Amino acid sequence: MKAINTRLKQSLNRAFFVEPNDLGFWFLTSLFKKTTKPLKTMPFIIVIPTAFFIAFVVYLILGKWFIRLVSWLQYGF
Amino acid sequence: MVFKILMNLLVSSILVLRNFLLLIFSPYKTMRKIAQEKDYWQLAVIISFVLIYFEIANKIRRFNYSTLLIFIVFLSFFISTVFFFYLLGKVYNKKEELKSFFITFSYSLLPTLVWFITNSIIYYVLPPPRTMSLQGKGFSILFFAFSLSLFVWKIILVYLSVRFSAKLSFYKIIFLMILYLCLFFPISIFLYQLKVFRVPFI
């Protein structure tokens, strides 16, 4: 029983290590929680497809400047 | 004594690799755990990775300055970043600890390190400039998407570093990050002009 209490206490301490975010308005807080939830675990499931979509859109907008931008980035190490 | 140091380094290297993988799959929980770490060896391991990277990159593509000088500039930049968030965070929260900032911010270097290492390998395998051919365009989209993904991961990790080290709310963190960019981005551009950093963000 004592071990369970200690573990429960540890879990609660971990969960309340920081105060939950409050953005002032309930709908903003709710939107923030909904948006950030998928980023807390396995963010790349969302990030990679979005990055490909953005890359394609940027390519359509910039054209040959996009290729120059990538070349510049490749020189950037 | 030497054996003890080697053992500490080995154990910390394993922990860094484990945390590195966990930061990919569950950045929030992992960063929260890292913020409560007390092991400075992990910081030493990550900083050593950066030094090794500079040494290897200098062999692939000659830097204008010595590796040691670039490393010292990087280290000064890193320490200034940590102190910036620590001192300004202290205005809002007096209970924060400096060591937590050092460890979490060192872990937030990992996306940058992955980008720079991958870029060095790609530079060696597929040297720029890219062309307007189908392969060139395809590679450009792939490389841009890869860079963007790592950049988003970097932003998430920096946000979580400040969140768990300074224990601040969303608005305060965003305010500090904007203030940081206003101060440090011109310095990055200046270092880029001096050819110390080839891309003005690290």
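Keep in mind it's a predicted model, so treat the numbers as computed, not measured. Atoms considered below: every heavy atom in the structure, side chains included; atoms not considered: hydrogens, waters and symmetry mates. Convention: sequence-line order gives letters A, B, ...; per-chain numbering from 1.
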Chain A contact via [X] - side chain, backbone, both or neither, heavy atoms under 4.5 Å:
X: B/Ile122; value: both
X: B/Thr131; value: backbone
X: B/Phe146; value: neither
X: B/Leu142; value: both
X: B/Phe143; value: side chain
X: B/Phe25; value: both
X: B/Ile24; value: both

Shortest non-hydrogen separation from [X] to [Y] and the atoms involved:
X: B/Arg163; Y: A/Glu19; result: NH2-O, 2.5 Å
X: B/Lys167; Y: A/Val18; result: CG-CG1, 3.6 Å
X: A/Leu73; Y: B/Trp115; result: O-CH2, 3.5 Å

Spatial distance of atom OG (B/Ser133) from atom CD1 (A/Ile67) [nearest 0.5 Å]
8.0 Å
When rounded to the nearest 0.5 angstrom, what distance separates CD in A/Gln74 from OG in B/Ser120?
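Taking CD in A/Gln74 and OG in B/Ser120, the distance rounds to 10.5 Å.
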For chain A, find which of B/Ile156, B/Ile141, B/Val152 contributes the most heavy-atom pairs closer than 4.5 angstrom.
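Option with the greatest count: B/Ile141.
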Mind checking whether [X] and [Y] have side chains closer than 4.5 Å, heavy atoms only?
X: A/Phe66; Y: B/Met132; answer: no
X: A/Tyr59; Y: B/Phe144; answer: no
X: B/Tyr123; Y: A/Tyr75; answer: yes

Does the A/Asn21 side chain pair with the main chain of B/Phe170, one donor and one acceptor, at a distance under 3.5 Å?
yes
Which atoms of A/Ile45 approach chain B - backbone, side chain, both or neither, heavy atom under 4.5 Å:
neither
Applying a heavy-atom distance below 4.5 Å, give me the residues of residues 46-55 of chain A that approach chain B, sorted by number.
A/Val47, A/Ile48, A/Ala51, A/Phe52, A/Ile54, A/Ala55
Within a reach of under 6.0 Å around [atom1] of [X], are more than 12 heavy atoms found that belong to other residues, nucleotides or ligands?
X: B/Ile5; atom1: CD1; result: yes
X: B/Lys137; atom1: NZ; result: yes
X: B/Tyr65; atom1: OH; result: yes
X: B/Phe190; atom1: CZ; result: no
X: B/Lys90; atom1: NZ; result: yes
X: B/Tyr92; atom1: OH; result: yes

Do any side-chain atoms of residues 25-42 of chain A form donor-acceptor pairs under 3.5 angstrom with protein atoms, and if so which ones, sequence neighbours left out?
residue, atom, partner, partner atom, Å
A/Thr29, OG1, A/Asp22, OD1, 3.4
A/Thr29, OG1, A/Leu23, N, 3.2
A/Thr29, OG1, A/Phe25, O, 3.0
A/Thr35, OG1, A/Leu31, O, 2.4
A/Thr36, OG1, A/Phe32, O, 2.7

